[in-house]
Amino acid sequence: QVQVVESGGGLVQPGGSLRLSCAASGSIFYSMGWYRQAPGNERELVATITRGGSTTYADSVKGRFTISNNNAKTTVFLQMNSLKPEDTAVYYCTAKRLDGRDYWGQGTQVTVSS
């Protein structure tokens with residue numbers, strides 16, 4: 001069965017850094033990525049990466065966040081630097097299988113506050 005497991009969330013001060021990890025298993029995936037949802041807001045795309053290493057970023061995180069994956073393309077990382085209070089949200093990992101089906105992790109809370 002396909003599993004998507006996230007880790008790395010927590011509390012960090014403004015200007016600080018945090019790294020999220022997501023491990024996907026049970027299939028081969030075309031791409032993986034991160035979404036986030038803050039209270040009262042719609043879920044938004046943060047960043048994605050394909051097996052070939054192509055990346056996309058939301059304008060709000062460009063220059064601050066970096067997405068990467070391991071050589072087996074089974075784990076994705078989100079390095080978050082220069083964090084702002086508005087980055088506070090539940091972050092969800094997603095993995096897209098080669099046939100186009102999406103799988104989701106359970107979400108991990110990121111809180112940026114002093």
Option from L20, V61, T56 for which side chain to side chain contact (heavy atoms under 4.5 Å, CB included) with V46 holds: V61

Please name the pair of heavy atoms, one in [X] and one in [Y], separated by the smallest distance, quoted to 0.1 Å.
X    : Y    : answer
P14  : S113 : CD-C, 3.6 Å
G10  : L18  : N-CD2, 3.9 Å
W34  : S21  : CH2-O, 3.7 Å
R64  : S82  : NH1-O, 3.0 Å
D102 : K96  : OD1-NZ, 2.8 Å
N70  : F77  : N-CE1, 4.4 Å

Check ion pair K84-D87 (N to O, under 4.0 angstrom): no

R97: salt bridge (Lys or Arg N to Asp or Glu O under 4.0 Å) partners, not counting sequence neighbours: D99

Those residues that, when tested against R51, pass salt bridge (Lys or Arg N to Asp or Glu O under 4.0 Å) (two or more places apart): none

hydrophobic_cluster_shared for Y35 and V4, side chain cutoff 4.5 Å: no

Check whether more than 12 heavy atoms from other residues, nucleotides or ligands sit under 6.0 Å from atom [atom1] of [X], and answer yes or no.
X   : atom1 : result
Y30 : OH    : no
E42 : CD    : no
I28 : CD1   : no
E86 : CD    : yes

Test item: T55 side-chain N/O and I49 main-chain N/O as donor-acceptor pair under 3.5 Å: no

Polar side-chain atom of E6 near backbone of C22 as donor-acceptor pair, under 3.5 Å: no

Can you measure from [atom1] ([X]) to [atom2] ([Y]) and round to the nearest 0.5 angstrom?
X   : Y   : atom1 : atom2 : result
R19 : L78 : CZ    : CG    : 10.0 Å
T94 : L45 : OG1   : CG    : 9.0 Å
R36 : E44 : CZ    : CD    : 4.5 Å

Aromatic ring pairing W104/Y92, orientation class (parallel under 30°, perpendicular over 60°, tilted between): perpendicular

side-chain contact (heavy atoms from CB on, under 4.5 Å) between Y57 and T66, intermediate numbers included: CA-CA 8 Å; Y57 295 94; T66 302; 3.9 Å; yes

Stepwise side-chain contact (heavy atoms from CB on, under 4.5 Å) test for M80 and V110: CA-CA 10 Å; M80 303 184 292; V110 173; 4.0 Å; yes

Full working for side-chain contact (heavy atoms from CB on, under 4.5 Å) between Q109 and L11: CA-CA 8 Å; Q109 177 71 46; L11 174 65; over 6 Å; no

